[in-house]
Amino acid sequence: MIDLTAPIEALGHSADITHMDLFYRGRMTDARVLVTDCVVLDLTGGAEAIDLAGLPGLELLQAGDTVILRTGWESRRGLSEYAASPSVDRRLVEALVQKGVVLVLIDSPGVVGGSAGPEHNAMDRYLADHEAYAVENLIHVDRLPTAEKFRLYCFPLHMTAGNTAPCRVVADVEE
């Protein structure tokens with residue numbers, strides 16, 4: 001088992017903790033996102049322009065699965081540049097939604113638009129409107145296998161006053 005959760009005690013409740021973006025205030029996720037099959041897609045060669053036909057692991061994904069996008073950005077945690085993470089190619093996100101993926105997890109503060117801003121919020125809304133959610137700020141993603149399925153456990157803490165939910169995320173893989 002590998003814990004992918006950023007330490008809360010080091011950062012307090014901030015945008016840099018591992019959390020699920022729900023977009024709508026007070027929204028709860030369905031229990032189907034708690035335990036899923038997951039595939040890591042390696043985007044360390046560049047997240048902004050993806051060859052969808054040649055992306056190993058994409059073909060493994062089925063409706064109800066989750067995906068972790070490995071960008072390598074977690075190495076910048078604690079640096080001022082961390083908030084300005086690269087945006088993932090929108091065509092990839094749309095392909096994941098079409099496949100019925102329920103969670104899009106990432107090792108950076110945002111799937112699109114860095115840690116905040118209109119692009120970030122628009123992507124969170126797009127995912128939420130399609131019953132898929134972004135889970136951001138994972139750690140230890142470099143320890144996960146790519147293009148191979150494994151079980152993922154994601155436990156968001158429902159908070160009615162906000163539009164995010166702190167999460168505990170654990171991958172069931174051998175090291």
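Everything numeric in this text was worked out from a predicted model, so none of it was measured.
Between the side chain of His120 and the main chain of Gly113, no donor-acceptor pair closer than 3.5 Å is present. The closest donor-acceptor contact from the side chain of Thr18 to the backbone of Ala6 lies under 3.5 Å.
Take Val97 and apply the side chain to side chain contact (heavy atoms under 4.5 Å, CB included) test, not counting sequence neighbours, and it matches Tyr126, Leu127, His130. Evaluation of the side chain to side chain contact (heavy atoms under 4.5 Å, CB included) rule for Val102 yields Arg32, Val33, Thr36, Thr66 as partners, not counting sequence neighbours. Partners of Asp3 under the salt bridge (charged side-chain N to carboxylate O under 4.0 Å, His left out) rule, at least two apart in sequence or in another chain, are Arg168.
For the atom pair CG of Asp172 and CD of Glu174, the computed distance is 7.5 Å after rounding to the nearest 0.5 Å. To the nearest 0.5 Å, the span separating CE on Met20 from CG on Leu157 amounts to 10.0 Å. Here OG of Ser108 is found 10.5 Å from CZ of Arg77. Values are rounded to the nearest 0.5 Å.
Val40 and Ile139 are members of different hydrophobic clusters when ILVMFWY side chains are connected at heavy-atom separations under 4.5 Å. Linking ILVMFWY side-chain heavy atoms closer than 4.5 Å, directly or via other members, places Leu105 and Ile2 in a single hydrophobic cluster.
Among pairs with a residue in residues 92-116, those fulfilling salt bridge (charged side-chain N to carboxylate O under 4.0 Å, His left out) read Arg90-Glu94, at least two apart in sequence or across chains.
Heavy atoms of other residues, nucleotides or ligands lying less than 6.0 angstrom from CD of Glu81 number more than 12.
In this structure, Tyr82 shares a hydrophobic cluster with Trp73, the cluster being traced through Ile, Leu, Val, Met, Phe, Trp and Tyr side chains under 4.5 angstrom apart.
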Would you give me the side-chain donor-acceptor pairs under 3.5 Å for residues 147-156, sequence neighbours excluded?
unit_1 : atom_1 : unit_2 : atom_2 : d
Lys149 : NZ     : Leu60  : O      : 3.1
Lys149 : NZ     : Asp65  : OD2    : 2.6
Arg151 : NH1    : Asp37  : OD1    : 3.0

